[in-house]
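Labels below follow one simple rule: chain letters A, B, ... track the order of the sequence lines, proteins then strands, and each chain is numbered from 1. Quantities reported herein were computed from a predicted structural model and do not represent experimental measurements.
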Amino acid sequence: MPEKVHTKFGGSDDESLKPKTSDLPPASLVEEGNRKKKRNKKRKLDQVAEESQTATSDRSVQVARTDNTSPSGPATPKEASESEHAPAIEQGDTPAETTNFTSKPKHKSKPVHRSLTDTKTNFNSLREKANKLYESRKKLPIFNHADEIRQKLRDQDVMLLVGETGSGKSTQIPQFLVNEFWCRPTPTKIQKGDGSEKSKTVGGCIAITQPRRVAAISLARRVADEMGTPLGSSSPASKVGYSVRFDTSTSPSTRVKFLTEGMLLQEMLHDPWLTKYSAVVVDEVHERGINVDLVVGFLRNLVSGNLQGRGGVPLKVVVMSATADMESLMGFFQEGLKEQPQPPVHKTITNGDQTGELSTRASRTITACHIKGRQFPVKMIYSPEPVHDFVDAALKIIFQIHYKEPMPGDILVFLTGQETVENLENLVNEYATGMDPSLPKIQVLPLFAALPQAAQQRVFAPAPPRTRKVVLATNIAETSVTVSGVRYVVDCGKAKVKQFRTRLGLDSLLVKPISKSAAIQRKGRAGREAAGQCFRLYTEKDYLALDETNTPEILRCDLTQALLNMKARGVDDIVHFPFLTRPPREALEKALLQLLNIDALQEDGSISEIGLQLAKLPLSPTLGRVLLAASEHGHECLLDVIDIISCLSVENIFLNTTSEEKKEAAETARRDLYRREGDHLTMLSTVRAYAGENVDRKAWAERHLVSHRAMQSVMDVRKQLRAQCRLSKMLPREERGDQYPDPSPELILRSFLAGFATNTARLVPDGSYRTIVGNQTVAIHPSSVLFGKKVEAILYNEFVFTNRSYARGVSAVQMDWVGEALAGK
DNA sequence: GAGCACTGC
């Protein structure tokens with residue numbers, strides 16, 4: 001019988017600024033196998049909270065966090081919960097405060113002396129746990145395909161795998177493959193450019209990419225448990241690890257490594273042939289983020305090339321998707337293999353007791369595999385006629401469900417944004433007060449990314465007795481967050497989509513119809529635990545007219561970063577790069593021009609020294625350029641600019657205020673942070689004040705209505721950038737103390753102009769601003785400290801179109817600075 | 001007078 005476990009992790013954890021006050025469970029509850037301490041401070045506690053949300057198979061663990069430590073939200077990664085063998089979670093279970101834990105916080109107690117016996121127990125208990133999990137693994141739909149998949153990959157190098165939701169692909173595929181003969185480290189000789197040979201061991205490890213950090217971490221945890229091995233850096237014997245930004249946990253014996261797509265791209269900059277790996281598994285390709293497109297393009301080049309950099313050792317590639325749109329991928333890889341026909345190279349390998357023949361290019365075909373998922377049936381109800389006001393329509397459906405349908409069964413409503421969520425929230429609450437008191441109650445829970453962490457957590461708690469939860473969510477619930485208990489989905493059929501408009505150089509954020517695959521994904525959220533129903537607030541005809549799939553991000557975003565990455569990887573001929581979807585020529589040209597403008601490329605289009613430096617920075621090329629420019633203005637300026645860049649590369653650090661009186665309180669509290677020079681210097685003063693707060697940063701953030709979560713990310717980025725600058729000798733080795741000399745606004749803003757010279761506008765006589773390049777009208781965004789102010793010229797971080805054109809992240813600059821920056825090109 | 005969702009040695 002499943003049991004719900006509720007744990008509260010209290011207190012903030014500001015880098016050990018203060019003692020931990022968390023009400024962690026007593027040490028006696030901490031399981032042996034996890035007792036080894038690595039006091040990696042806050043991330044670890046976080047990780048545990050996240051992991052605990054991905055319920056283990058015999059227990060459903062829900063964790064409510066009261067702190068704000070996670071930068072990535074409360075996501076319950078999809079696959080991890082997919083691998084539960086019993087998807088049904090009982091409703092109305094009494095929450096128990098403490099019970100037996102399997103995954104536990106690294107307890108902040110004195111170091112534990114581990115004797116040999118202890119260690120033995122650890123491994124025994126790990127094995128026991130793995131044995132238990134094996135029973136549920138056997139029930140996964142993919143499990144019976146293990147031999148088939150292994151056989152196919154022995155014969156061929158590339159496999160496309162469609163695994164529907166609930167098939168268990170993300171956790172099982174690496175385990176199916178890790179003991180294959182071709183997956184062993186293989187000693188080989190690599191021919192270098194000068195013709196000399198170098199001995200090197202290639203392969204031995206499997207990489208599995210994920211679009212999101214939380215998913216990478218919790219999948220690694222799950223697979224470590226299933227394999228009966230400790231996780232990551234906790235033991236040198238660990239076979240499973242992960243690598244995401246700010247948090248890498250691997251060991252010398254890591255064989256299975258989960259990483260984010262961005263992390264793999266970063267690794268490829270240093271090791272283009274991926275010599276550590278025998279296989280790369282690309283998961284969730286159907287989401288089609290820009291990074292996955294780059295990864296797949298690089299991999300196609302790799303598998304269809306001569307493998308010289310791998311000493312002839314083949315690389316197996318498994319591309320996994322939840323939707324069946326595999327024809328295009330099939331054609332994509334086949335074309336690559338056709339293009340460069342190579343005589344098959346055979347390589348005989350003696351590896352311990354086994355000898356085998358690794359045939360590179362064993363076959364020039366690509367294999368595919370389709371695994372059915374496990375979902376409960378979902379009944380579809382369409383709107384009989386087109387809906388004009390979907391908030392109003394959703395309101396009616398919610399109460400129709402509530403009156404007619406039995407309990408339990410929570411409702412998940414997909415809306416477009418914070419505004420529609422809050423409108424509907426008010427309406428539902430209003431109607432619910434007039435409801436017949438004999439009916440079950442309604443609990444309305446909003447869910448969107450900008451919502452503070454604690455409020456987001458509320459959706460994970462089961463509804464109180466005789467109460468139906470109604471979760472009003474944005475797209476966040478489509479991929480990132482899984483809400484349990486849902487049996488009814490209401491889908492408005494729309495979402496806000498960001499689209500970069502090359503010609504104007506601006507991002508627009510507009511409400512657009514979703515794709516069929518997104519509609520199917522939303523519908524699926526009703527059938528995870530029991531049979532469900534999906535109410536579409538559009539007609540069947542409208543549904544049939546939707547696009548098949550989401551527009552790949554590569555067609556919707558600025559390409560400068562992608563192109564810089566390609567150039568840094570040695571792809572000089574962008575035109576012939578194997579794009580999964582080729583962006584329009586205009587977009588590519590615009591990005592190349594931008595790279596040229598910031599000196600990342602030389603006149604002939606090849607990458608410059610600056611470009612190489614920029615590609616290694618975890619920043620957009622433009623922000624990276626600002627950082628390099630600042631380093632020429634001295635250490636103080638560089639440190640100041642790092643603080644500002646850190647703010648610009650995370651979500652909004654200032655909280656939005658809803659009520660009027662709160663707004664006034666915020667204005668008062670923030671007054672000492674505001675700088676008349678604009679948002680850049682305001683961010684600097686905020687980071688300085690936050691970093692200088694040595695007592696309670698969380699309380700400080702709350703007082704100033706600053707997002708503590710965002711500030712923690714800022715501090716992470718700041719730390720990373722400082723470390724990188726020290727490595728590249730832009731900063732001295734020792735840290736600066738907390739003594740800050742007054743910043744120089746002019747030097748700082750001139751540094752920004754080195755990257756943002758084209759993001760400038762001047763005041764025109766009618767009182768509006770016009771962009772200096774392009775002469776577009778642009779208004780200062782209401783969130784800016786310069787909102788409503790008139791200055792000679794402005795520099796802005798972003799140009800966004802929502803209801804009108806806004807400049808966001810704005811500072812006042814002088815026209816002659818702008819002129820010099822533009823002329824400097 | 002306004003804030004879809006992700007992500008990086």
Side-chain angles (χ1 to χ4, degrees), chain A residues 71-73 75 77 209-216 243-248 259-271 284 287-292 294-295 414-422 447-451 473-481 492 494-499 507-512 514 518 521 550 553 556-557 561-562 564-565 568 613-621 623-624 649-658 663 707 710 713 716-717 720-721 723-725 727-728 779-784 787-788 798 800-804 806-808:
Chain A
S72 345
T209 70
Q210 290 294 319
R212 280 168 290 279
R213 292 196 283 205
V214 268
S243 180
V244 303
R245 189 182 188 185
F246 308 126
D247 190 4
T248 289
L259 31 55
T260 49
E261 294 151 0
M263 213 59 168
L264 186 70
L265 286 175
Q266 204 61 48
E267 285 192 7
M268 289 182 96
L269 280 182
H270 296 100
D271 180 13
E284 314 283 20
E287 293 192 21
R288 291 297 301 276
I290 185 160
N291 286 345
V292 99
L294 291 184
V295 164
F414 283 100
L415 297 164
T416 52
Q418 181 175 350
E419 193 185 339
T420 49
V421 165
E422 285 171 348
L447 179 65
F448 45 87
L451 201 67
T474 61
N475 250 352
I476 193 171
E478 208 177 283
T479 47
S480 308
V481 170
C492 77
K494 301 213 154 48
K496 276 194 192 170
V497 188
K498 200 174 199 171
Q499 171 88 43
D507 266 324
S508 57
L509 189 57
L510 300 172
V511 174
K512 292 262 174 71
I514 59 173
Q521 176 82 15
N550 293 343
E553 192 187 3
R556 303 181 353 239
C557 71
Q561 207 159 2
L564 182 65
N565 197 305
Q613 274 183 283
L614 295 181
K616 289 176 185 163
L617 288 167
L619 294 171
S620 71
L623 280 176
S649 58
V650 308
E651 64 199 286
N652 197 359
I653 59 168
F654 293 109
L655 290 169
N656 309 308
T657 44
T658 36
K663 200 173 287 182
S707 161
S713 315
D716 281 338
V717 178
Q720 191 184 23
L721 292 176
Q724 217 162 324
C725 286
L727 267 179
S728 56
I780 296 177
H781 195 272
S783 64
S784 171
F787 176 69
E798 266 186 310
V800 213
F801 185 87
T802 49
N803 293 315
R804 54 192 292 205
Y806 287 109
R808 273 207 310 218

- [ ] Could you check whether A/Gln720 gets within reach of a base, just the sugar-phosphate, or nothing at all, counting any heavy atom under 4.0 Å?
- [x] sugar-phosphate

- [ ] Looking only at side-chain atoms of A/Arg245, point me to the closest of B/dA5, B/dC9, B/dG1.
- [x] B/dC9

Open item on the list: Students often get this wrong, so: under 4.0 angstrom with heavy atoms, is A/Ser620 touching a base, only sugar-phosphate, or nothing?
Closed with: base

Task: Distance in angstrom units between A/Glu287 CD and B/dA5 P, rounded - done: 14 Å

- [ ] Using whole Å, report how far CD of A/Glu553 lies from P of B/dG8.
- [x] 13 Å

- [ ] Give A/Leu619 one of three labels, base, sugar-phosphate or nothing, depending on what nucleic acid heavy atoms sit under 4.0 Å from its own.
- [x] base

Open item on the list: Looking at B/dC6, I'd like to know if its phosphate oxygens (OP1 or OP2) sit under 4.0 Å from a side-chain N or O belonging to A/Arg213.
Closed with: no

TODO: Describe the nucleic acid contact of A/Thr802 in one word from base, sugar-phosphate, nothing, applying a heavy-atom distance below 4.0 Å.
DONE: sugar-phosphate

Task: Proximity to the side chain of A/Phe787 - top-ranked nucleotide from B/dG8, B/dC6, B/dG1 - done: B/dG1

Open item on the list: Base, sugar-phosphate or nothing for A/Leu269? Non-hydrogen atoms, less than 4.0 Å.
Closed with: nothing

Task: Whole angstrom value for the distance that separates C1' of B/dT7 from CG of A/Asn565 - done: 13 Å

Open item on the list: Can you work out whether A/Thr416 or A/Leu614 has the more 5'-proximal nearest nucleotide on DNA chain B?
Closed with: A/Thr416

Task: Of the listed nucleotides B/dC6, B/dG8, B/dG3, the one nearest the side chain of A/Ser480 - done: B/dC6

- [ ] Using atom NZ of A/Lys498 as one end and atom P of B/dA2 as the other, report the distance to the nearest whole Å.
- [x] 18 Å

TODO: Kindly indicate whether the side chain of A/Gln521, heavy atoms from C-beta on, has any atom under 4.5 Å from the side chain of A/Phe414.
DONE: no

TODO: Specify the separation, in whole Å, of atom CD1 of A/Ile653 and atom P of B/dA2.
DONE: 21 Å

- [ ] Report yes if the side chains of A/Leu265 and A/Val295 come closer than 4.5 Å at any heavy-atom pair, otherwise no.
- [x] yes

Open item on the list: I want to check one thing: is the phosphate of B/dG8, taken as OP1 and OP2, less than 4.0 Å away from some side-chain N or O of A/Thr260?
Closed with: yes

TODO: Can you tell me the distance, in whole Å, between the CZ atom of A/Phe654 and the P atom of B/dA2?
DONE: 19 Å

TODO: Look at all strands and tell whether A/Ala449 reaches a base, only sugar-phosphate, or nothing, counting heavy atoms closer than 4.0 Å.
DONE: sugar-phosphate

Open item on the list: According to side-chain contact (heavy atoms from CB on, under 4.5 Å), who are the partners of A/Thr420, at least two apart in sequence or on a separate chain?
Closed with: A/Phe390, A/Val391, A/Leu415, A/Thr416

TODO: Calculate, to the nearest 0.5 Å, the distance between atoms CD and CG belonging to A/Gln561 and A/Leu294 respectively.
DONE: 9.5 Å

TODO: Select from A/His781 and A/Asn291 the residue whose nearest nucleotide in DNA chain B is closer to the 5' end of that strand.
DONE: A/His781

Task: Flag side-chain contact, heavy atom, 4.5 Å: A/Glu261 against A/Glu287 - done: no

Open item on the list: Please report the distance, rounded to the nearest Å, between CD in A/Gln613 and P in B/dG8.
Closed with: 22 Å

TODO: Ignoring the backbone of A/Pro618, work out which of B/dG8, B/dC4, B/dC6 is nearest its side chain.
DONE: B/dG8

TODO: Round to a whole Å and report the spacing from CZ of A/Arg212 to C1' of B/dC4.
DONE: 14 Å

Task: side-chain hydrogen bond (donor to acceptor under 3.5 Å, both in side chains) against A/Asn652, all qualifying residues, sequence neighbours excluded - done: none

